[in-house]
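Here the structure comes first, spelled out in structure tokens, and everything after it is commentary.
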Amino acid sequence: MADRYNIRETEEKWRKIWDEKNVFHVTETSDKPKYYVLEMFPYPSGRIHMGHVRNYSLGDVVARYRTAKGYNVLHPMGWDAFGLPAENAAIERGAHPKDWTYENIAAMRVQMKQMGLSLDWGREVTTCAPDYYKHEQKMFLDFLKKGLAYRREMMVNWDPVDNTVLANEQVIDGKGWRTGAPVERRKLNQWSLKITAYAEDLLSAIQTLDRWPEKVRIMQDNWIGKSQGLRFTFDLTGRSEKLDVFTTRPDTLFGASFAAMAADHPLAKDLCAGKDGFDEFVKKCQAQGTSEAAIEQADKFGFDTGFTVDHPFIAGKTLPLYLANFILMDYGTGAIFGCPAHDQRDFEFATKYGLEITQVVAPADGSEVTLPYTDTGVLIHSDFLNGQSVDAAKATAIAKMESLGRGQGVTQYRLRDWGISRQRYWGCPIPIIYCESCGVVPVPDNQLPVELPYDVTFDAPGNPLERHPTWKHTTCPHCGKAATRETDTFDTFFESSWYFARYTDPNNAKIGFAKEKASYWLPVDQYIGGVEHAVLHLLYSRFFTRALSECGYMDTPEPFAGLYTQGMINHMTYKDKDGKWLYPKDVMKDASGNWVLLADPHSPVTAGRVEKMSKSKRNTIDPQDILDTYGADAARMFILSDSPPDRDLEWTESGLDGAWRFINRLHRLVTDNKNLILTAPVGEASEAAQKLQQKAHQTLAKVGSDIEAFHMNKAVARLRELTNMIEAFQPASGDTGLYREAVEFALRGLNPMIPHITEELWAELGHTTLLAQTSWPRINPAFLVEDSVTIGVQINGKLKATITLPIDAPAAEAEKLALSDSGVIRALEGKAVRKVIVVPNRIVNVVVG
RNA sequence: GCGGGCGUGGCGAAAUCGGUAGACGCAACGGACUUAAAAUCCGUAGGGCCGCAAGGCCUGUGGGGGUUCAAGUCCCCCCGCCCGCACCA
């Protein structure tokens with residue numbers, strides 16, 4: 001196949017040219033409007049995966065398209081380079097985290113460059129570099145000054161064998177993943193950021209994020225979890241202890257039949273220590289699943305303390321006090337009152353323990369209800385609340401409590417402050433010094449950065465920084481006496497909470513970024529990434545933007561104006577005859593269409609479900625293999641076609657083949673017809689050529705709006721249609737000008753998706769400027785309006801014929817034409833026409849009776 | 001359990017201010033080229049039925065009801081699948 005398109009060589013050639021000409025380099029000095037496209041930066045695991053390919057292909061389409069549309073486009077890339085995998089590699093393979101990380105970055109950079117992305121590599125950011133993290137140490141100290149950072153005691157998962165804190169995902173069935181030792185809950189002093197200070201703002205500003213997926217906005221809303229309610233105090237009957245409770249349903253107080261608190265409530269121990277079954281109950285609570293789903297579906301159970309509390313409004317009435325497994329110490333006050341008639345959990349609990357159930361809310365229309373009834377209504381059996389609506393009764397109950405001085409209306413959030421201390425080596429050191437005389441002392445600015453030492457070992461349990469012979473020993477900046485450094489490092493979400501701002505000024509040695517540059521580029525106009533970051537990363541970044549603004553770094557209300565979350569990449573799974581998972585590249589279809597082993601065609605293979613690509617199921621495709629054999633354009637095109645980007649995509653070899661075939665066809669279309677394309681037209685253009693021209697203009701207009709709406713699959717389909725039409729077109733001597741225009745429109749429309757081949761063919765047609773720097777075609781609006789339209793003719797709603805008539809033709813004309821259609825006449829034979837409905841340019845419907 | 005989403009040919013999907021369902025592609029089948037294959041090109045195609053054919057009839061967007069001249073699209077009920085959930089007061 002000598003005339004076959006040589007991908008490797010050609011793609012490589014154009015990447016080199018883009019690189020040499022510095023095509024994707026941008027500055028703030030431009031009179032074009034700015035556009036900031038950002039894909040979530042990768043963790044440098046060593047190799048890119050298909051999720052990356054999808055993410056960056058999407059971003060690159062947006063970046064190249066916006067560039068063509070005349071924007072000054074910032075499209076940067078970097079590395080989220082701190083994190084646990086580097087330490088695991090150190091422990092498992094003896095590699096140093098730093099060396100391992102930098103080697104991975106080098107390898108992945110090569111792969112990413114092979115994708116032909118329009119990135120400004122001059123802005124590459126690596127978060128594990130002291131040049132980067134020194135700025136966030138400064139930010140932390142600024143937060144500290146503003147009271148946005150503080151220390152508090154927090155519960156952690158502690159592995160007693162490794163002497164280390166475990167992340168939640170490192171706890172498997174209550175045991176450490178590596179040691180298998182039962183995990184202890186331990187209290188540690190931890191640095192925290194006061195994200196709760198912005199709870200209200202983070203919540204209300206969600207409304208301004210109108211270019212975010214609704215799904216993500218709802219998740220953030222739920223995460224912040226605002227609720228209004230009443231906080232009040234129960235007196236324990238005949239005792240001095242008091243119990244604070246929080247409720248969102250103060251209106252149901254007269255239906256209260258018990259009070260309950262968390263097993264680890266401080267009062268629980270005071271009241272129940274030594275009681276029969278208490279320890280066992282606490283253990284049972286700790287052993288139960290901690291997820292919301294688990295709690296919701298778990299059986300409700302409790303422990304009767306034997307004490308009672310006094311009802312605040314009903315003199316002489318007492319309520320039994322329980323410990324209950326569905327009460328959480330972290331939320332509200334860790335204690336509630338139960339109203340079984342109007343709460344599902346309370347109902348289950350009361351039924352189980354034979355507690356009274358008093359209905360206090362009834363539907364406004366007086367209809368019968370089955371309990372528990374959680375809808376709104378009017379109050380009954382509730383003394384001074386009787387007859388009030390639920391909302392009014394809530395307000396009345398709160399007012400009454402406040403006037404009695406026993407409680408008050410409060411706003412509660414589920415959001416908790418962000419604990420940022422990690423007992424790990426491969427993270428940014430927290431710039432704090434502990435002095436016996438002066439206490440907690442911030443590291444002075446002129447001593448930043450506090451750098452990670454390189455000479456550490458991973459042969460013993462615990463944090464290497466803690467064991468390092470000299471690193472943590474220093475002197476107190478205040479008194480000069482011997483002191484020790486904080487050995488904890490930042491949560492790695494810290495780095496990713498401001499990297500988007502660093503890209504605007506990546507080489508600034510003095511400060512994280514200059515305010516003017518951040519103001520110019522931010523907010524990110526289009527952020528693209530996986531939905532798995534819908535809450536934490538995005539919320540932390542929103543918080544940082546606020547906190548940094550308060551500290552004078554920037555003045556941007558929100559970091560990401562537009563957000564797009566892509567779907568996952570799935571692939572069929574395969575198992576061999578022994579039930580072991582097989583890689584797709586190790587299987588094939590034999591002559592009769594059965595799956596067999598590539599290495600042994602007699603050995604059958606079972607093909608299973610299409611599932612998310614995962615290492616454990618081995619249903620992964622290595623992008624490197626695809627890039628090497630099919631090239632970047634084919635990989636990009638396939639991953640963009642077929643499925644809408646927010647949906648899961650099934651990766652198939654045949655689909656990829658289809659993209660590959662298209663690229664080769666496009667290549668043949670241009671090279672085989674090159675002379676014809678470049679021949680100057682003689683005489684008038686034919687009607688067919690004008691139709692082709694119109695199609696080209698219409699296509700490009702729609703491709704533009706498709707890309708802006710992230711309908712990449714539709715954009716690809718339309719461009720294929722245009723290409724099909726061009727292929728089928730035989731230009732006459734007067735047509736070559738319009739023929740050329742159509743071919744070039746196709747290349748220009750396809751360029752954001754398949755930049756290499758289109759650049760090659762553009763040059764082939766004699767252009768000396770780069771397609772990557774060519775603006776989007778000017779669309780002639782006259783071509784966007786059709787002069788005729790083909791509409792359906794229905795009889796009683798069923799299609800019988802189609803008619804073609806001028807656009808905006810009068811209804812009478814459409815009716816006349818429809819009724820004169822031979823098919824329609826035949827279908828109407830012997831039937832009485834009752835009515836003819838004509839919707840201009842849409843439909844004619846003949847109603848017969 | 002709560003919250004969100006989805007369900008259209010053999011497959012991925014188009015079409016949603018209600019107005020010709022299945023664009024585009026994959027797989028399949030038939031044909032051309034070839035000694036043969038690959039590649040490429042041309043053609044067929046939701047399902048069922050009638051017809052030599054041209055063509056025609058019926059049916060069809062998870063299931064059941066409803067609104068409408070007209071429903072994939074709007075309303076009600078049901079079924080199935082997927083995602084999120086910090087131990088929600």
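Here is the naming used below: chain letters follow the sequence lines, and residue numbers restart at 1 for every chain.
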Ignoring hydrogens and geometry, is there a side-chain-to-backbone donor-acceptor pair from Thr699(A) to Leu722(A) under 3.5 Å? no

As a test of reading the structure: which of G3(B), G56(B), C41(B) is closest to the side chain of Arg826(A), going by heavy atoms? G56(B)

Taking it one step at a time, do Arg834(A) and Asn796(A) satisfy side chain to side chain donor-acceptor pair (under 3.5 Å)? CA-CA 10 Å; Arg834(A) 292 213 332 241; Asn796(A) 283 351; over 6 Å; no

Write down the protein N/O and nucleotide N/O pairs, taken from nucleotides 5-13 of chain B, whose separation is under 3.5 Å; answer none if there are no such pairs.
unit_1 : atom_1 : unit_2    : atom_2 : d
G12(B) : O2'    : Ser643(A) : OG     : 2.8

Show every donor-acceptor pair shorter than 3.5 Å between a side-chain atom in residues 637-647 of chain A and any protein atom, with sequence neighbours excluded, or say none if there are none.
unit_1    : atom_1 : unit_2    : atom_2 : d
Ser641(A) : OG     : Met637(A) : O      : 2.8
Ser641(A) : OG     : Phe638(A) : O      : 3.2

Enumerate the residues from residues 219-232 of chain A whose closest heavy atom to RNA chain B is under 4.0 Å, giving them by residue number; use none for an empty result. Met219(A), Asn222(A), Trp223(A)

Taking the chi torsion of G9(B), is it syn (within 90° of 0) or anti (everything else)? syn

Can you check the Leu799(A) CG to C57(B) C1' distance for me, whole Å? 14 Å

Counterpart base for U73(B), defined by Watson-Crick or G-U wobble contacts under 3.5 Å: none

Every protein N/O within reach of nucleotides 67-77 of chain B N/O, cut-off under 3.5 Å:
unit_1 : atom_1 : unit_2    : atom_2 : d
C69(B) : O2'    : Asn845(A) : ND2    : 3.1
C69(B) : O2     : Asn845(A) : ND2    : 2.6

Short of 4.0 Å, heavy atom to strand atom, which residues of residues 714-729 of chain A count as contacting RNA chain B? Lys714(A), Ala717(A), Arg720(A), Glu721(A), Asn724(A)

According to the Watson-Crick and G-U wobble definitions, with both distances under 3.5 Å, which nucleotide is paired to C2(B)? G84(B)

Mate of G46(B) where both pairing distances stay under 3.5 Å, Watson-Crick or G-U: U59(B)

Can you name the side chain to side chain contact (heavy atoms under 4.5 Å, CB included) partners of Thr376(A), sequence neighbours left out? Val390(A)

Re C52(B): Watson-Crick or G-U wobble partner, both distances kept under 3.5 Å, found to be none

